Amino acid sequence: QIPVTDPGSASYFAVFVALNGGGSPLVYRPFDGHLFVSLGEAAPVLQEFNPSGTLVGQYFLGASAETMTFDPATGRIYYSPSGSSVRVFDPSGPSDAAVGAASGTINGGLFFDASTGLLFVGTANGTNPGRIETMDPATGATQLFATGFDPENSPGGVLGIWRDPVTA
């Protein structure tokens, strides 16, 4: 079993309840302890589990989700299929829409920064590997943030992003 650390809960999610077909498509919604699990490249499906591990919702996405990130202020889930596009899913609608595209192939490098309201998008393979761009979720506009994460020296380029919310 996978423990869920939440100050208001001692719940556990059961192993093998959800199928994850690839990537790192998991997001946790802190205000109710729900876990959203994508089937990854296997299918454009997103499953919602409550803190006891019970499936409480299943949604069909506009594309498969290889990587996802969560905006705690709006409850929206930003995700990327295997490619350069970024999409947004709102479980309260539910609704799904295109946001924008990175200059390269995204493979795990997607992070929502609550302090700036921007997405940080890392490219890991395909065109322009080893770059991090910011993306404005409202306009889809991208801007180069950092480069030099050489896939030759760091396997896969930018495979994950985390930004310290305190020191921003």
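As the structure is a prediction and not an experimental result, all values here were calculated from the model.
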K.L.:
Which label fits F120 and F145: parallel for a plane angle under 30°, tilted from 30 to 60°, or perpendicular past 60°?
P.N.:
perpendicular
K.L.:
Would you say the side chain of I77 lies within less than 4.5 Å of the side chain of L46, judging by non-hydrogen atoms?
P.N.:
yes
K.L.:
Nearest 0.5 Å, what's the OG-CD distance between S103 and Q143?
P.N.:
12.5 Å
K.L.:
Assess the residue pair V88 and D90 against the criterion (side-chain contact (heavy atoms from CB on, under 4.5 Å)); give the C-alpha distance rounded to whole Å, side-chain angles, the decisive distance to 0.1 Å, and a yes or no.
P.N.:
CA-CA 7 Å; V88 62; D90 187 344; 5.8 Å; no
K.L.:
How close do P25 and A65 get, counting heavy atoms only, and between which atoms?
P.N.:
CB-O, 3.2 Å
K.L.:
How many angstroms lie between atom CG of L35 and atom CZ of F49, to the nearest 0.5 angstrom?
P.N.:
7.5 Å
K.L.:
Quick one: closest heavy-atom pair of D96 and R87, and the distance?
P.N.:
OD1-NH2, 2.6 Å
K.L.:
Show your working on side-chain contact (heavy atoms from CB on, under 4.5 Å) between L110 and V121 and close with a plain yes or no.
P.N.:
CA-CA 5 Å; L110 186 63; V121 182; 3.9 Å; yes
K.L.:
Give the minimum heavy-atom separation between G140 and M135, together with the two atoms involved.
P.N.:
O-CG, 3.9 Å
K.L.:
Counting C-beta onward and ignoring hydrogens, is there a side-chain heavy-atom pair between I106 and T67 closer than 4.5 Å?
P.N.:
yes
K.L.:
When rounded to the nearest 0.5 angstrom, what distance separates OH in Y59 from CG in L61?
P.N.:
10.5 Å
K.L.:
Please answer whether the main-chain N or O of R131 pairs with a side-chain N or O of T123 as donor and acceptor at a distance below 3.5 Å.
P.N.:
yes
K.L.:
How many angstroms lie between CG in D136 and OG1 in T116, if you round to the nearest 0.5 Å?
P.N.:
9.0 Å
K.L.:
How long is the gap from OG1 on T142 to CG on L119, to the nearest 0.5 Å?
P.N.:
11.0 Å
K.L.:
Closest approach of G104 and S84, non-hydrogen atoms and distance?
P.N.:
O-CB, 3.0 Å
K.L.:
Give the minimum heavy-atom separation between P51 and G33, together with the two atoms involved.
P.N.:
CG-O, 3.7 Å
K.L.:
Is the side chain of S80 donor-acceptor paired with the backbone N or O of S85 at a distance under 3.5 Å, no angle test?
P.N.:
yes
K.L.:
Could you grab the distance from atom CZ of F60 to atom CZ of F89, nearest 0.5 Å is fine?
P.N.:
11.0 Å
K.L.:
With heavy-atom distances below 4.5 Å as the criterion, would you say the side chains of R76 and P137 are in contact?
P.N.:
no
K.L.:
Excluding sequence neighbours, so at least two apart, what forms side-chain contact (heavy atoms from CB on, under 4.5 Å) with A43?
P.N.:
L39, V45
K.L.:
Within a strict 4.5 Å, meaning less than it, do heavy atoms of the Y79 and S38 side chains meet?
P.N.:
no
K.L.:
Indicate the atoms forming the closest heavy-atom contact of P30 with F70, along with that distance.
P.N.:
CD-CE2, 3.7 Å
K.L.:
Could you check whether any side-chain heavy atom of P72 comes within less than 4.5 Å of a side-chain heavy atom of F112, counting everything from C-beta outward?
P.N.:
yes
K.L.:
Stepwise, does the side-chain contact (heavy atoms from CB on, under 4.5 Å) test hold for Y28 with L26?
P.N.:
CA-CA 7 Å; Y28 174 70; L26 304 167; over 6 Å; no
